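Predicted, not measured: the structure shown is a model, and the values here were computed from it.
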Amino acid sequence: MEATKKGMGSQAKANLTGWAFISVACIMIVIFYFYPMIQAFILSFKSGNGMNLEFVGFDNYIRLFSDTTFKAALFNTMIYLIIQVPVMILFALFISVLLNSSTLKFKGFFRTAMFLPAVTSLVAYSIIFKYLFATDGLINKMLMKVHVLNAPIEWITDPFWAKVTIIIAITWRWTGYNMIFYLSSLQNIDNSIYEAARIDGASATRQFFGITIPLLKPIILFTSITSTIGTLQLFDEVVNITKGGPGNSTLSISQYIYNLSFKYSSDFGYAATVSYSIVIIIIILAILQFKLAGDDK
């Protein structure tokens, strides 16, 4: 009995020690994550400037449906999402397969080079892209020099090409980041599976779609959801490259939230409402992605 009591006492002591270690982190998460989320949700039902906020119920949410600027920002953000995320994931998959090849030399160099954009400063690389894609920038000069273009493209000031520039920028930035997830997963796949497939006469393409893609399905789902969340929160590139122009043609939802809070006549309540629209969109898209992936768990 005494041994049992001592065992239970030591177990309780160990549990208390464990809780002591994680309690600080839990408190910080509650204070800096959950509390602001709850406060933002309450704020979304209010309207006004500064401390003069009045409860307006669902008026802010109803306002969303008639807000033309919000509709423009939502449209632009969905264009980025629909085009950029699939392209980036395909690029990341293709590059990871190439960099996982046993015959490739200088693997370390190429892997570092592909991942390097993900650790560069968001503001710094956005400004560099702005100058590269300027009317008299390096991209236009190179394309004209090799006779691809007869006249420079208005990458920043034309509504269509401005969107293309943003998509190119975020694809360049995040492809290497997603590639790391695929590469690490590929290295955990037993080579004997591919050897058996080669013996059976499966081509490289058949192996990719019949072995690689199915085995990477959980990681593809994960990167799809995280990339969707990241694109819906797009801010730095739009602000620093096009400033949302021309004429709101590249405005993102996150930039619109910033404008509502600090650029226009401040309306923190409506800004919080727009913020929660992103939450709703993320939840809907995440559910759809789980359904399309056939993962109901």
Can you name the closest pair of heavy atoms from I211 and P214 and give their distance? O-CD, 3.3 Å
Under the side-chain contact (heavy atoms from CB on, under 4.5 Å) test against L234, which residue among V239, L81, I170 passes? I170
Side chains of S47 and R63, donor plus acceptor under 3.5 Å: no
Quick note, ring pair (Phe, Tyr, Trp, His ring centres under 6.0 Å) partners involving residues 159-178, not counting sequence neighbours, are Y125-W172, F129-W172, W155-W161, W174-Y177, Y177-F181
State the OG-CD1 distance between S184 and I219, to the nearest 0.5 angstrom. 6.5 Å
Counting only heavy atoms from other residues, nucleotides and ligands, does the tally under 6.0 Å from OH of Y35 exceed 12? no
Distance check, rounded to the nearest 0.5 Å: F222 atom CZ versus N178 atom CG? 8.5 Å
May I have the step-by-step check of side-chain hydrogen bond (donor to acceptor under 3.5 Å, both in side chains) for R173 and S126, ending in yes or no? CA-CA 10 Å; R173 163 83 183 189; S126 298; over 6 Å; no
About how many Å separate CD1 of I241 and OH of Y131, when rounded to the nearest 0.5 Å? 12.5 Å
Taking atom CG as the centre, does N150 end up with more than 12 heavy-atom neighbours from other residues, nucleotides or ligands that are less than 6.0 angstrom away? no
Do T103 and S101 have a side chain donor and acceptor closer than 3.5 Å? yes
List the atom of Y182, the atom of L216, and the distance in Å for their closest heavy-atom pair. O-CD2, 4.3 Å
D67 versus Y256, side-chain donor and acceptor atoms under 3.5 Å: yes
Going by atom types only, do T273 and S44 share a side-chain donor-acceptor pair under 3.5 Å? no
Within 6.0 angstrom of F91 CZ, more than 12 heavy atoms from elsewhere: no
Residue among Y276, F70, F45 satisfying ring-ring contact (aromatic ring centres under 6.0 Å, His included) with Y61: F45
To the nearest 0.5 Å, tell me how far K263 NZ sits from I257 CD1. 15.0 Å
K46 side chain reached by V56 side chain, heavy atoms, under 4.5 Å: no
How far apart are the closest heavy atoms of I95 and M114, and which atoms are they? CD1-CE, 3.3 Å
Please determine which of L285, I283, I284 meets the side-chain contact (heavy atoms from CB on, under 4.5 Å) test together with I287. I283
Crowded around Y194 OH? As in, over 12 foreign heavy atoms under 6.0 Å? yes
I'd like to check the ring-ring contact (aromatic ring centres under 6.0 Å, His included) partners of F65; sequence neighbours left out, ordered by chain and number. none
State the CG-OG1 distance between L186 and T212, to the nearest 0.5 angstrom. 6.0 Å
Looking only at side-chain N and O atoms, does E154 offer a donor or acceptor that is under 3.5 Å from a partner on T135? yes
Whether over 12 other heavy atoms sit under 6.0 Å from E54 CD: no
Taking atom CZ of F75 and atom OG of S249, what is their separation to the nearest 0.5 Å? 10.5 Å
Checking side chain to side chain contact (heavy atoms under 4.5 Å, CB included) for the pair T69/L251: CA distance, chi angles, key distance, verdict? CA-CA 9 Å; T69 306; L251 181 72; 3.7 Å; yes
Under 4.5 Å between side-chain heavy atoms, counting indirect links through other Ile/Leu/Val/Met/Phe/Trp/Tyr residues: same cluster for L183 and L98 or not? no
